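Data block below; observations after.
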Amino acid sequence: MAGNWKMNLNHQEAVVTVQKLAWTLSDKRHDFGKVEVVVVPPFTDLRSVQTLVDGDRLSIRYGAQDVSVHDNGAYTGEISAAMLSKLGCSYVVVGHSERRMYHNESDELVNAKAHKSLHAGMTPIVCVGEGLDVRKAGEHVAFTLTQLDGSLDGFTAEQVAGLVVAYEPVWAIGTGEVATPDDAQEVCAAIRERVRAVHGDGAAGGLRILYGGSVKAANVGGIMEKADVDGCLVGGASLQVDEFGGICRFYDMPVL
Ligand SMILES: O=C[C@H](O)COP(=O)(O)O
């Protein structure tokens, strides 16, 4: 379960939030071996989160929301994979729809960022998903698989087995519109089948597929029931510790 904070919470708020989250998940009911919990704060929070997680030996992992395709040099404002790795990031979100939309990120660029992340020892969370117009035209599976193919280009089967793909229908992000569990399953299953066709059973079985888009504690139970949904990429609800704690404990939530 990954909480993408987007451009919210400063470094002091980040520390308080992660402390509260760790406390919320600290009783025997939560097994970090079964449910991996990840927070994805803004870059400016990462050092503080690292210090807290390391100092208190928390089981929570953390990642970054983006990465540069460049290794170093005159790229004002960019952050390299090596810098994120040094900060102890386990994950890097690449190709989030907000990056694709507001920064014109192409599948080719997303693919390059995914390779940089993996090369630096971090797991990319590769985001794909269609907008409302594509969904209305019934092209959502084909559109998403095209993004997937472009974004995963050049990875070996062994590498794909260790990746994370997040399916986020853009029309369900931050809108309160949740794809139904069956909607999520349809595309997540198609993603796994495409990976199986290209890379084989090992890659398809190892790949973790997240659903993202207005996930809350109240609807996570039904989404997580689906065979090809392995977890969720949570935006707004990850800013509220009680909500995100509930999402991380989806096994206790009603299946709606
Ligand atoms: O990265 C997270 C997704 O964009 C979902 O955001 P949301 O849960 O606020 O809809």
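In what follows, residues are counted from 1 in the order of the sequence shown. Ligands are counted one by one from 1 in listed order, and the atoms in each one are counted from 1 as well. For the numbers below, each heavy atom of this structure counts, side chains included, while hydrogens, waters and symmetry mates do not. All values derive from a computational prediction rather than experimental measurement.
- You'll find the side chain of L207 reaches within 4.5 Å of the side chain of I191, heavy atoms only.
- For D182, the salt bridge (charged side-chain N to carboxylate O under 4.0 Å, His left out) criterion is met by K226, not counting sequence neighbours.
- For ligand 1, the 4.0 Å heavy-atom shell contains residues N4, K6, H96, E168, A172, I173, G174, G213, S214, L233, V234, G235, G236.
- As a member of the Ile/Leu/Val/Met/Phe/Trp/Tyr network built from side-chain separations under 4.5 Å, V164 groups with V38, V40, Y91, V93, I125, L210, L233.
- Distance alone, capped at 3.5 Å, is enough to place a donor-acceptor pair between the Q50 side chain and the L87 backbone.
- Cluster partners of L132, using a side-chain heavy-atom cutoff of under 4.5 Å among ILVMFWY residues and allowing indirect links, are W171.
- No more than 12 heavy-atom neighbours from other residues, nucleotides or ligands sit within 6.0 angstrom of CG on N72.
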